[in-house]
Amino acid sequence: MLSLTTRIILSVSGLISAIYFFAAGNWTLGTLFLTIPVFQTIGFFLNGTVFLALRKLGSNDFEAAERTLRKTKYPRYLAKTQKAYYYLAAGLIEARKNNFQIAAPHLEEALNIGLRTKHDRTIASLNLAGIYFNIGDRDKSAHYLAEAKNNNPAPALQPRIEELEAALDHR
């Protein structure tokens with residue numbers, strides 16, 4: 001996935017090249033180079049900066065992930081899968097900042113749209129279980145915890161699941 005700066009550079013150079021070839025009378029190369037900015041623009045609206053933000057989240061750089069995700073100005077135009085991951089990333093960022101009232105709807109939207117893998121659905125469900133536990137909604141917390149457990153969670157997530165189960169049993 002290309003950064004926004006790289007996309008802009010490719011688009012501008014493609015546009016300049018297209019203008020040059022059109023002016024020189026070479027319509028074939030002009031048209032070919034004109035496709036670069038067109039496809040870059042379409043790709044940006046369909047994919048945004050979601051993948052780049054998720055990579056930053058993977059390395060626990062939440063501030064950079066938030067800056068990168070903010071560069072997607074129109075999430076409603078994203079492709080369906082990208083939109084789900086946009087809301088997943090936004091929800092995880094807001095949860096990290098303890099903005100639970102904002103994080104929960106984002107994570108629920110990600111689950112409703114459809115995350116591709118069970119692991120991603122587990123992460124969203126587990127975070128929702130933690131959020132609802134923290135705001136005192138035991139029923140929703142238990143619901144999302146059960147959903148996380150049904151997705152065959154990775155062994156790395158098992159301690160968090162057990163911790164939430166124990167906390168729900170204790171209260």
Side-chain angles (χ1 to χ4, degrees), residues 1-8 40-171:
M1 185 58 61
L2 302 175
S3 72
L4 183 59
T5 306
T6 305
R7 289 178 186 183
I8 291 170
Q40 288 297 320
T41 303
I42 291 170
F44 179 74
F45 280 106
L46 291 178
N47 298 311
T49 57
V50 176
F51 180 74
L52 297 171
L54 288 171
R55 287 184 60 195
K56 293 186 187 309
L57 280 176
S59 60
N60 288 326
D61 191 352
F62 285 85
E63 291 83 22
E66 184 175 15
R67 282 192 311 271
T68 303
L69 196 62
R70 267 197 241 132
K71 291 178 183 175
T72 300
K73 300 288 185 200
Y74 305 102
R76 67 181 174 269
Y77 295 128
L78 294 172
K80 181 181 177 183
T81 303
Q82 294 298 325
K83 193 181 298 184
Y85 283 93
Y86 173 88
Y87 286 114
L88 174 66
L92 293 174
I93 290 166
E94 293 300 329
R96 174 72 174 215
K97 297 186 319 188
N98 292 329
N99 293 335
F100 299 138
Q101 302 301 332
I102 298 170
H106 283 326
L107 293 170
E108 287 173 344
E109 185 69 17
L111 286 171
N112 290 335
I113 292 171
L115 297 167
R116 284 182 300 171
T117 67
K118 284 185 175 186
H119 179 72
D120 296 336
R121 289 189 297 272
T122 302
I123 288 173
S125 297
L126 193 55
N127 275 281
L128 279 166
I131 287 169
Y132 284 120
F133 178 79
N134 284 328
I135 62 176
D137 192 337
R138 286 182 43 87
D139 293 336
K140 281 189 176 181
S141 181
H143 167 76
Y144 283 112
L145 185 59
E147 203 172 293
K149 287 171 56 178
N150 287 338
N151 285 325
N152 291 334
L157 298 176
Q158 204 59 42
R160 179 68 178 139
I161 290 173
E162 291 169 1
E163 177 185 324
L164 270 172
E165 279 180 327
L168 278 172
D169 290 341
H170 185 261
R171 264 194 180 176

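In what follows, every heavy atom counts, from backbone to side chain, and hydrogens, waters and symmetry copies are set aside.
The distance from atom CG of Asp61 to atom CD of Glu66, rounded to the nearest 0.5 Å, is 11.0 Å. Taken from CD in Glu94 to CD1 in Ile131, the straight-line distance is 10.0 Å, to the nearest 0.5 Å. Residue Asn127 holds its CG atom at 11.0 Å from CZ of Arg96, rounded to the nearest 0.5 Å. With rounding to the nearest 0.5 angstrom, the CG atom of Asn47 is 10.0 Å from the CD atom of Gln40. Remark: Leu107 CG to Leu92 CG distance equals 5.5 Å, nearest 0.5 Å. Taking CD1 from Ile123 and CG from Leu111, the interatomic distance works out to 11.0 Å, rounded to the nearest 0.5 Å.
Every residue was checked against the salt bridge (charged side-chain N to carboxylate O under 4.0 Å, His left out) condition with Glu147, not counting sequence neighbours, and none meets it. In this structure, the salt bridge (charged side-chain N to carboxylate O under 4.0 Å, His left out) partners of Lys149, at least two apart in sequence or on a different chain, are Glu165. A search for side-chain contact (heavy atoms from CB on, under 4.5 Å) contacts involving Arg67 returns Glu63, Ala64, not counting sequence neighbours. Applying the side-chain contact (heavy atoms from CB on, under 4.5 Å) criterion to Thr72, with sequence neighbours excluded, gives Thr49, Leu78, Tyr86.
In terms of heavy atoms, Pro75 sits closest to Lys83 at O-CE, 3.6 Å. Annotation for Ser141 and Ala129: closest pair OG-O, 2.8 Å, computed over non-hydrogen atoms. Nearest heavy-atom pair across Ser125 and Asn151 is OG-ND2, 4.5 Å. The shortest non-hydrogen separation linking Ala90 to His106 is CB-CD2, 3.9 Å. Closest of all the heavy-atom pairs between Ala84 and Ala110 is O-CB, 3.3 Å. Counting all heavy atoms, side chain and backbone alike, Gln158 lies closest to Pro153 at OE1-CG, 3.7 Å.
Leu126 places a side-chain heavy atom less than 4.5 Å from the side chain of Leu164. Contact annotation: the side chain of Asp139 approaches that of Asp137 to within less than 4.5 Å [non-hydrogen atoms, C-beta and beyond]. Taking 4.5 Å as the limit, every side-chain heavy atom of Lys140 sits out of range of all side-chain heavy atoms of Leu128.
The side-chain contact (heavy atoms from CB on, under 4.5 Å) with Ile93 is formed by just one residue from the set Ile102, Leu88, Leu57; it is Leu57.
Counting only residues at least two apart or in different chains, ring pair (Phe, Tyr, Trp, His ring centres under 6.0 Å) contacts with residues 148-167 are absent. Within the structure, the side-chain hydrogen bond (donor to acceptor under 3.5 Å, both in side chains) test picks out the following pairs touching residues 107-116 (sequence neighbours left out): Glu108-Tyr132, Glu108-Tyr144.
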Q: Would you check, one step at a time, whether the test side-chain contact (heavy atoms from CB on, under 4.5 Å) holds for Ile135 with Gln101?
A: CA-CA 9 Å; Ile135 62 176; Gln101 302 301 332; 4.2 Å; yes
